[in-house]
Amino acid sequence: MKLPVSWRASAAAAVATATLLTSGSIAGAASKTDVEAAAAPNIPVANVKAHLTQLQSIATANGGNRAHGRPGYKASLDYVKAKLDAAGYTTTIQQFTSSGRTGYNLIADWPGGDTNQVVMAGSHLDSVSSGPGINDNGSGSAAVLETALAVSRAGYQPTKHLRFAWWGAEELGLVGSRYYVNNLSSANRAKISGYLNFDMIGSPNPGYFVYDDDPAIEKTFKDYYAGLGVATEIETEGDGRSDHAPFKSAGVPVGGLFTGASRTKTAAQVAKWGGTSGQSFDRCYHSSCDTTSNINDTALDRNSDAVAYAVWELSE
């Protein structure tokens, strides 16, 4: 988010203070100096949107979608993987089968950090077959990708180990993420300190919703938004319907952000966030009009910065 330097500094100070006053955080205790030294970078929304443009082009060239088992999905995965490989990540493609078609998860590990304490951030990369899926879920996929690239640019070396993931076949019932979790040993599941999920974070008539699954992760996101002076609400529309669900079922602490799908925005929510009352958060949800025109830049900017903030805070 492009805030005036003084405003951003004030917001960062407020968030840092709130973090220091809180005990039991997944990130552990840290001094004020440590927090400032490891401050998350601003994520340029132009970079995130450039990834969305690429995903749109891929869909357009492949029958209008990026769905499981279709050429557009594999092309999307190849695009993300190439960016990560060039940035120094160790990438792994995990293959599975669903509905008679081959699916793929992409896992990217940043070298270093304590592999007995893994912080993961992920999003589903597939669209429905009826559209290009730019908000659902190009928005989350692009923000996670740009955060991973920001880690590389910063040469960030956190205490914990960072892992990023892009899931296949979420739209068929969380198939890819469930396959990943089910194929982890109990010991490796126990090493995951937290999983952060980002599914639809640029809705055109946005709300600012925070998952309430793990208190420490929830507070991390709420502190970030409090520093911006933006009110949040607990996420309920997608509860259990995205890729955090298999992790939660396996006992992994989870959290995430969401800007709304087919539910209608209320007058009270408009008073807090602006937008249009009586209209869906995303009128193009699961439709052919979920294109690059179906993105609210402010929501995408704020949430992309929140992704990076949480990754930095929780991995120190």
Side-chain angles (χ1 to χ4, degrees), residues 1-3 11 42-53 55-56 121 123-124 127-128 131-147 170 196-212 217-218 220-239 241-244 255-310:
M1 182 183 307
K2 300 191 185 306
L3 299 171
N42 176 66
I43 299 298
V45 71
N47 291 9
V48 182
K49 291 184 70 178
H51 299 313
L52 295 181
T53 298
L55 294 177
Q56 176 71 65
S123 57
H124 75 86
S127 73
V128 291
I134 298 304
N135 185 39
D136 185 17
N137 182 37
S139 60
S141 294
V144 172
L145 173 57
E146 192 56 30
T147 296
E170 186 271 354
L196 313 177
N197 194 61
F198 304 99
D199 188 354
M200 301 179 65
I201 60 170
S203 302
N205 190 31
Y208 292 91
F209 299 101
V210 176
Y211 296 10
D212 67 343
I217 298 175
E218 177 188 358
T220 300
F221 288 119
K222 285 186 171 180
D223 285 350
Y224 177 80
Y225 271 104
L228 299 183
V230 176
T232 60
E233 291 185 9
I234 297 303
E235 195 284 306
T236 58
E237 182 178 9
D239 195 23
R241 291 170 49 191
S242 193
D243 294 297
H244 60 292
L257 300 173
F258 180 60
T259 49
S262 58
R263 282 190 184 172
T264 300
K265 197 174 206 177
T266 67
Q269 289 169 329
V270 170
K272 283 191 290 189
W273 299 323
T276 305
S277 178
Q279 187 179 105
S280 298
F281 294 102
D282 183 355
R283 290 185 297 173
C284 290
Y285 178 60
H286 283 188
S287 300
S288 60
C289 59
D290 187 10
T291 65
T292 49
S293 299
N294 192 48
I295 291 289
N296 181 282
D297 287 0
T298 299
L300 184 68
D301 195 357
R302 287 171 169 171
N303 281 314
S304 297
D305 287 344
V307 173
Y309 175 80

Minimum heavy-atom distance [X]-[Y], with the two atoms named:
X: S203; Y: N135; value: OG-ND2, 3.1 Å
X: S280; Y: A261; value: CB-O, 3.9 Å
X: G275; Y: N205; value: CA-OD1, 3.3 Å
X: I217; Y: G255; value: CG2-CA, 3.7 Å
X: E233; Y: Q269; value: OE1-NE2, 3.0 Å
X: N137; Y: S123; value: ND2-CB, 3.3 Å

Between [atom1] on residue [X] and [atom2] on residue [Y], distance to nearest 0.5 Å:
X: Q56; Y: S127; atom1: CD; atom2: OG; value: 10.0 Å
X: D199; Y: S242; atom1: CG; atom2: OG; value: 3.5 Å
X: K49; Y: I295; atom1: NZ; atom2: CD1; value: 8.5 Å
X: T259; Y: D136; atom1: OG1; atom2: CG; value: 9.5 Å
X: D301; Y: I201; atom1: CG; atom2: CD1; value: 10.5 Å
X: N197; Y: F258; atom1: CG; atom2: CZ; value: 10.5 Å

Exercise for review: Report yes if some heavy atom in the side chain of V307 is under 4.5 Å from a heavy atom in the side chain of I43; otherwise report no.
Suggested key: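 When only atoms from C-beta onward are counted, I43 and V307 do not touch, as no gap falls below 4.5 Å.
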Point to revise | Non-hydrogen side-chain atoms of T236 and R263 separated by less than 4.5 Å | key: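 Counting from C-beta outward, T236 and R263 do come under 4.5 Å.
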Please check: side-chain N/O of [X] versus main-chain N/O of [Y], any donor-acceptor pairing under 3.5 Å?
X: S141; Y: H124; answer: yes
X: T53; Y: H51; answer: no
X: E237; Y: S262; answer: yes

Practice item. Tell me, please, which residues at least two apart from K265 pass salt bridge (Lys or Arg N to Asp or Glu O under 4.0 Å). Key: none
Exercise for review: Compute whether any side-chain donor of one residue and acceptor of the other, for R302 and Y208, lie under 3.5 angstrom apart.
Suggested key: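 Present: a donor and an acceptor within the cut-off.
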Check your understanding: Will you find, in the side chains of Y224 and N303, an N or O donor that is under 3.5 Å from an N or O acceptor?
Key -> no
**Study point:** Residue pairs passing the salt bridge (Lys or Arg N to Asp or Glu O under 4.0 Å) test where at least one lies in residues 274-294, sequence neighbours excluded
**Key:**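 Sorted result for residues 274-294: empty, none.
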Point to revise | Pair V48-L300, side-chain contact (heavy atoms from CB on, under 4.5 Å): steps then yes or no | key: CA-CA 8 Å; V48 182; L300 184 68; 3.9 Å; yes
Exercise for review: Could you walk me through whether T232 and K272 pass side-chain contact (heavy atoms from CB on, under 4.5 Å), step by step?
Suggested key: CA-CA 9 Å; T232 60; K272 283 191 290 189; over 6 Å; no
Point to revise | By ring-ring contact (aromatic ring centres under 6.0 Å, His included) - contacts of F209 (at least two apart) | key: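 Partners of F209 under the ring-ring contact (aromatic ring centres under 6.0 Å, His included) test: W273, F281.
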Practice item. Take the angle between the ring planes of F221 and F198 and call it parallel below 30°, perpendicular above 60°, tilted in between. Key: perpendicular
